[in-house]
J.: 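The structure that follows is given in the form of structure tokens.
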Number of protein chains: 2
Amino acid sequence: MHNTVAAATIPEAFVRLVAMDRSVPRMDAAESRAWLALVSTAELLPAALDAQLQADSQLTHFEFIALTVLKDAEHNTLRMKELAAATNATLPRLSKVATRLESRGLVERQARSDDGRAIDVRLTTAGRRALVLATPGHIETVRRLVIDHLAPEQLDALADALEPLVQRLDPQARWGPKRISGRR
Amino acid sequence: MHNTVAAATIPEAFVRLVAMDRSVPRMDAAESRAWLALVSTAELLPAALDAQLQADSQLTHFEFIALTVLKDAEHNTLRMKELAAATNATLPRLSKVATRLESRGLVERQARSDDGRAIDVRLTTAGRRALVLATPGHIETVRRLVIDHLAPEQLDALADALEPLVQRLDPQARWGPKRISGRR
DNA sequence: AGTAGCAAGTTGCCGTGGCAACTACTTCTC
DNA sequence: GAGAAGTAGTTGCCACGGCAACTTGCTACT
């Protein structure tokens, strides 16, 4: 009645044959397990981070990252373009976020004198304070959810496995340690 | 002039002291590296999957997953509630997605006779065809982006590290090996 | 049997992100 | 040095997800 019946009648040997045919891509059990874990993590982790930061500090994870990058920048200031690159955001997205953060007094925007198109974003004192208040809870969450459950070798293995993936996903190398120039 | 200067004058010994104070949660270099890789992956991977599926098959990653779950279900049919659980979606979200998929003829909805509140979603022939067309390209992408770059031990290590994390992120165990009530 | 409470789905509203179009400014080229 | 081309940033429109409110149907309690 249903095609599942047809599938159930396919001989096991034929299934194995097809599984070896790389022109019809398949995944074996170990591959599927790793993929399922990874894709589930990728789906669930951002929501968990957003939920905690939003509840405790009224910040999205992206806003938190943006503020953190600004804090570590010289003079707490970056150009929109630079901040967008450092946070892996498009310029339109960052522009809207900057508008929100500015309306809450956490950052300030100021036109640059040396390039009339460019805008500097600076972390304000209030922004720094908000970040200082938000950071411990966020790190605690990261530890509780992830870090504290992994042995040192696992931490290294995870980083070793995922760093090349990030490079592949992010050809512009916007994320990661700021060795934009030296990579490749 | 700026507080970066103040930070630079903090004695190194004091920095080490603070780093050991667990009441102010910190992360060491290995932890930060793993966390950065993981959070970057979690940010970038869903967009990459959506982009490929959308470009090649006009499907979001979530729609692809929903169709796949339906294909593996008995009679290609699940209740909305079950499908939502199996795909880690809220019912409102799934309801909207089902509306979209139904308008494209990929699924059908039908009220259940045994429970007037419940709705069955069934994969149509057209839906199965769309899925069959979409799957090879998707698996190829998953291989190209992730799987083919990991050694077998890395696959296992990744799964071992992330599976407990998924459990923690998803207390309802909606995701993962399908031991949802009804099926299996 | 009747009502109170619960469960399944749908809809509406809102917030956020992507992309394309637009403005304003700078740089390149002849 | 003027127009063409490119760059920085903003805005508008659309798609999607979350949550709350709503509808409908079931269940439990008396």
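Just so it is clear, the structure is predicted and the values come from calculations on it, not from any experiment. In the text below, chain A, chain B and the rest are named by the order of the sequence lines, each starting its count at 1.
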J.: Please report the distance, rounded to the nearest Å, between CG in A/D114 and P in D/dT7.
T.: 17 Å
J.: If you check the A/S95 side chain, which of C/dG17, D/dT11, C/dG9 turns out closest?
T.: D/dT11
J.: Just the rounded figure in Å: distance from P of C/dG9 to CG of B/D115.
T.: 8 Å
J.: Please tell me if A/R93 has a side-chain N or O lying less than 4.0 Å from either OP1 or OP2 of C/dG17.
T.: yes
J.: Report yes or no: do A/T124 and A/R129 form a side-chain donor-acceptor pair below 3.5 Å?
T.: no
J.: Would you say B/R100 reaches D/dC16's phosphate, i.e. side-chain N/O to OP1/OP2 under 4.0 Å?
T.: yes
J.: Looking only at side-chain N and O atoms, does A/R109 come under 4.0 Å of OP1 or OP2 in D/dG9?
T.: no
J.: Can you check whether any acceptor in the base of D/dG9 is under 3.5 Å from a donor in the side chain of A/K96, or vice versa?
T.: no
J.: Need to verify one output field. Residue with the more 5' nearest nucleotide on DNA chain C, B/A118 or A/T60?
T.: B/A118
J.: Kindly say if B/T90 contacts the phosphate of D/dG18, meaning a side-chain N or O under 4.0 Å from OP1 or OP2.
T.: yes
J.: Over 60° means perpendicular and under 30° means parallel, so tell me whether B/H138 and A/W35 are parallel, tilted or perpendicular.
T.: perpendicular
J.: For the residue pair B/R93 and B/T87, confirm or rule out a side-chain donor-acceptor distance under 3.5 Å.
T.: no
J.: A/I119 CD1 to D/dT7 C1': how many Å, rounded?
T.: 13 Å
J.: Do B/R143 and A/E31 meet the salt-bridge criterion of a basic N to acidic O distance under 4.0 Å?
T.: yes
J.: Report the distance from atom CZ of A/R112 to atom C1' of D/dG9, rounded to the nearest whole Å.
T.: 14 Å
J.: Taking N and O atoms by type only, does the side chain of A/R117 place a donor or acceptor under 3.5 Å from a partner on the base of D/dT7?
T.: yes
J.: Considering non-hydrogen atoms only, spot the tightest contact between A/A48 and B/L169 and give its length.
T.: CB-CD2, 3.6 Å
J.: Of all the choices, D/dT10, C/dG9, C/dT11, which nucleotide is nearest to the side chain of B/L91 once you look at every atom?
T.: C/dG9
J.: Considering heavy-atom distances to DNA chain C, does A/G116 or B/L94 have its closest nucleotide positioned more toward the 5' end?
T.: B/L94
